[in-house]
Trainee: 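What follows is a structure written as structure tokens; I'll ask about it next.
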Amino acid sequence: MPAPNQPNPASLLENLNDPQRAAVTHSDGPLLVLAGAGSGKTRVITRRAAYLASTVAQPREVLAITFTNKAANEMRERILALGVGPEMTVCTFHALGARLLRIHHERADLPANFTIYDTDDQRKVVKQAIELAELSTANWSPAAVHARISRAKNDMLTPTEFEEQADDWSDRVLARIYTEYQRLLEQNGAADFDDLLLKPARLLQNHEVLRRQLEQRYRYVLIDEYQDTNQAQYVVAHLLTLEQANICATGDPDQSIYGWRGADIGNILHFEEDYPSATVIRLEQNYRSTQRILAAADAVIAANFQRKEKSLWTENPEGARVRVVDCESTTEEAEWISAQILSSDKQGVSRSDIAVFYRINAMSRAIEEALLRAGIPYQVARGTEFYNRKEIKDVLAYLRLLINPADDIALLRAINNPPRGIGATTVSRLRNHAATLGASLMETVKQAQTLDGIGRSAARVQEFAELIAELQGLADQPPRTVVEQVARRSGLLAELTQEAEVNRSPLDNVNELINAAADFQSERPEATLIDWLEYTSLLGDTDTVDSSRGVVTLMTLHACKGLEFPVVFIIGLEDGTLPFSRTGEINGRDDDEEEEERRLCFVGMTRTMHTLTMTHCRYRLLRGAETRMVKSRFLRALPEAEVEWISPVEQKPPSHRSAVSHGRLPDDIELWEVGTLVRHPSRGLGQITTLRRGHKRTHVRVAFQDGADQSWVLEFADLTRVDYDEVG
DNA sequence: ACGCCAGAAGTTTTT
DNA sequence: CTTCTGGCGT
């Protein structure tokens with residue numbers, strides 16, 4: 001009988017093509033696997049991890065880093081299924097960072113019980129930081145400021161470094177806020193998401209002994225989705241493999257879609273310069289999609305410049321043409337898709353084979369409504385939604401406070417929730433006292449009776465302090481017990497039970513939270529409350545997607561990376577939606593941004609196994625206003641031979657060259673571009689020199705034959721498009 | 001201290 | 001068209 005953690009290495013090489021096998025068996029030294037979409041990358045990584053663990057290394061010496069928890073869990077299961085022991089570390093960068101910081105917290109200026117702040121908490125701290133810097137949140141939006149701070153951290157800039165390289169007034173102000181922000185985090189004993197990468201990176205940079213220890217512990221490091229690593233992640237990866245250089249990076253520059261959060265596509269493009277002895281293996285055979293889907297996807301991505309030579313090919317059948325659907329409105333788009341899903345039932349397509357992708361979360365709504373009307377069950381990949389609910393955050397605030405009494409953000413949420421007569425005035429006084437004493441709010445609360453101005457509320461505050469002290473006695477109990485007891489003794493459960501007569505779901509949600517803690521505990525019996533809280537804060541959007549539920553899946557294009565579905569709908573292929581543009585301006589944007597949008601579209605298309613449909617709308621509601629949309633430039637790039645154009649309803653034949661009038665775009669707007677010839681009743685024939693589509697209006701500039709230029713708002717310009725052959 | 005209403009503001013993508 | 005905030009009244 002073979003030992004369970006001794007798989008037969010030869011069996012790990014079955015069903016692999018030549019480059020895949022080369023990647024699996026490569027042992028020492030840097031390895032870059034450029035894995036095209038659908039080229040069996042996951043198979044290669046899992047086999048490679050198992051192969052290493054059964055030939056040159058112990059399972060515990062292998063570290064596999066993924067991008068999402070879902071990917072980590074799947075990979076762990078697949079590796080276990082290959083017969084390798086569970087001692088291997090498979091996790092995300094953030095989970096790895098959290099683990100390192102728990103162990104080496106003192107060197108990272110954190111308490112052992114540090115709290116992980118999520119986006120919501122971070123924003124609150126930013127708000128406090130802005131106020132402490134004596135600025136107004138009216139001029140400095142916490143969200144925007146936070147985005148800048150987060151970006152600086154991903155680039156590994158400390159507040160001081162950020163200040164040093166600030167070259168304008170606004171950056172200098174940001175540096176001040178960033179300084180305050182970081183000070184507040186420290187005061188609260190908290191780390192934000194970015195700290196989970198930044199602090200470990202610094203740790204490895206500054207503590208050579210520790211760095212060596214870790215490199216010896218993790219002799220082989222595998223990093224997936226390397227194209228989406230940022231500077232801090234790059235440093236961690238690099239320092240963990242500094243001497244042995246047993247780094248295996250897998251990824252695909254064409255699938256880099258996180259530039260906006262500091263991911264540097266250069267990390268993968270320059271791998272061979274970082275590691276001159278690197279072996280590079282290209283996986284170019286696609287096992288997932290039909291030829292036509294690949295041809296269409298290639299047409300979209302081909303326009304990008306920041307690429308690495310790679311050509312995807314497949315032995316799969318040619319398949320059906322990619323369908324492009326021309327819809328009048330978002331309602332029609334959604335109705336058409338739900339009708340298609342209903343009719344595909346008859347063809348024996350399972351509901352779980354179908355996915356709908358969109359650029360932004362808000363776009364799921366129209367689809368959800370149509371699916372509800374049609375009685376089609378679905379799941380939306382928005383795992384964090386549950387943990388963002390008010391009632392859930394209320395319970396979590398208490399739990400965080402038990403673990404880390406310095407967490408002022410948690411205290412502020414818990415202190416009068418459920419209402420216990422501690423109002424805004426009292427809280428504000430407590431905060432002032434805390435600031436004067438240089439103490440945390442919890443410490444201040446404990447000595448409330450001795451403080452001026454608390455007066456009548458002192459008794460209430462005292463009761464709250466006693467409640468927390470009592471709950472702290474539970475902190476070492478198993479997570480399920482603590483969660484349940486806290487929900488009960490805090491009074492939250494009683495409040496929700498009362499409210500349940502009107503609205504049951506908050507109560508149900510809290511009960512579900514207790515169940516979630518129980519599930520966690522049964523999977524990891526030794527787990528503490530800290531472990532569970534950490535797990536909940538690191539949950540991602542796709543982590544709750546379950547392909548076995550037999551329902552249609554809805555998700556953003558970002559969330560679909562790494563997944564595959566037989567039938568895919570990508571909606572909203574319009575300039576401004578995909579490619580997305582924040583302002584509505586679509587011309588003259590940053591080329592890098594447009595390339596990333598193109599890659600995003602490519603990622604979505606290449607998830608498809610056999611049936612790909614892309615839809616666009618002529619009109620879309622933007623901020624409540626019906627806006628005329630123009631078919632996406634990505635659709636215009638598709639080769640005619642691969643596409644089937646569909647119009648769901650009879651469309652009025654476009655009055656081919658109607659003059660523009662009363663604030664409407666011309667019907668043939670899709671054909672207007674720079675260089676198009678136009679006629680004006682009095683100015684005569686001219687040529688478009690610029691065409692800028694703004695949020696509400698489109699600006700056009702025309703050069704006329706007499707040499708003069710004139711600009712208009714196109715919606716109000718009396719211009720008519722003229723074909724070249726009409727004028728010779 | 002708290003709830004309600006009206007007006008304003010703001011809307012990518014995620015660990 | 002929503003979601004949040006701030007002010008006012010109880």
Side-chain angles (χ1 to χ4, degrees), chain A residues 65-72 91-98 116-120 122-123 127 137-139 141-144 146-147 150-151 153-154 191-198 225 228-230 232-233 256-263 330 357-366 381-385 387-388 390 415-428 456-457 460 534-543 555-562 572 576-584 593 596-597 599-601 603-604 620-627 695:
Chain A
I65 302 174
T66 60
F67 205 66
T68 64
N69 294 298
K70 184 169 195 274
C91 63
T92 64
F93 263 111
H94 288 84
L96 177 71
I116 298 170
Y117 275 4
D118 67 13
T119 313
D120 210 49
Q122 290 170 54
R123 214 159 274 175
K127 204 171 165 217
T137 48
N139 306 325
S141 110
H146 174 238
S150 173
R151 189 54 194 270
K153 288 183 148 186
N154 288 156
D192 65 13
F193 280 135
D194 306 312
D195 284 335
L196 298 182
L197 307 175
L198 173 63
E225 309 284 11
D228 283 322
T229 51
N230 61 33
Q233 289 166 323
S256 161
I257 55 175
Y258 286 100
W260 52 273
R261 82 177 196 203
T330 51
F357 303 152
Y358 35 81
R359 179 60 178 80
I360 61 173
N361 281 307
M363 291 168 71
S364 75
R365 188 162 178 156
R382 228 178 292 159
T384 49
E385 196 186 49
Y387 288 93
N388 277 332
K390 182 190 171 298
I415 191 165
N416 198 30
N417 192 354
R420 49 174 71 91
I422 305 173
T425 321
T426 307
V427 170
S428 156
R456 279 183 316 174
S457 309
R460 303 277 167 92
E534 184 169 300
Y535 165 81
T536 60
S537 20
L538 295 179
L539 270 183
D541 266 2
T542 45
D543 293 341
M555 63 175 80
T556 64
L557 283 161
H558 283 90
C560 79
K561 192 171 70 167
T577 313
L578 182 64
F580 186 84
S581 104
R582 193 185 190 141
T583 51
E593 281 175 29
E596 186 153 305
E597 295 291 313
R599 293 193 291 266
L600 197 51
C601 186
V603 167
R620 181 171 293 279
L621 277 176
L622 255 40
R623 268 230 281 331
E626 287 251 300
T627 314
H695 187 52

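Numbered from 1 within each chain, the chains take letters A, B, ... in sequence-line order.
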Trainee: Should A:F93 be counted as stacked on B:dT15, where stacking needs a ring-centre gap under 5.5 Å and an angle between planes under 30 degrees?
Mentor: no
Trainee: With rounding to whole Å, what would you report as the distance between C:dC4 and B:dT13 at their P atoms?
Mentor: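 My reading of the P atoms in C:dC4 and B:dT13 gives 14 Å.
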Trainee: Under a 3.5 Å distance rule, please check whether A:N230 uses its side chain to pair with a backbone N or O of A:Q233 as donor and acceptor.
Mentor: yes
Trainee: Could you check whether A:D194 gets within reach of a base, just the sugar-phosphate, or nothing at all, counting any heavy atom under 4.0 Å?
Mentor: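 A:D194: no heavy atom of the nucleic acid under 4.0 Å.
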Trainee: Verify the contact: side-chain N or O of A:N361 to OP1 or OP2 of B:dT14, cut-off strictly under 4.0 Å; return yes or no.
Mentor: yes
Trainee: Would a distance-only check, ignoring hydrogens and angles, find a side-chain to backbone donor-acceptor pair under 3.5 Å from A:R599 to A:S256?
Mentor: yes
Trainee: May I ask you to decide if A:P579's main-chain N or O and A:R359's side chain share a donor-acceptor pair within less than 3.5 Å?
Mentor: no
Trainee: For A:M555 and B:dT13, give me the distance from atom CE to atom P, rounded to whole Å.
Mentor: 15 Å
Trainee: Write down the distance between NZ (A:K127) and P (C:dC4), rounded to a whole number of angstrom.
Mentor: 13 Å
Trainee: Is the shortest side-chain N/O distance from A:N154 to OP1 or OP2 of B:dT15 below 4.0 Å?
Mentor: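 So the side chain of A:N154 is outside the cut-off, no N or O lying under 4.0 Å from OP1 or OP2 of B:dT15.
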Trainee: So, does A:D228 use its side chain to make a donor-acceptor pair with the main chain of A:I257 at under 3.5 Å?
Mentor: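 Yes.
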Trainee: For A:R359 and B:dT13, what is the distance between atoms CZ and P respectively, to the nearest whole Å?
Mentor: 7 Å
Trainee: With respect to the phosphate group of B:dT14, does any side-chain polar atom (N or O) of A:T119 fall under 4.0 Å of OP1 or OP2?
Mentor: no
Trainee: What's the CZ-P distance between A:R261 and B:dT14, to the nearest Å?
Mentor: 9 Å
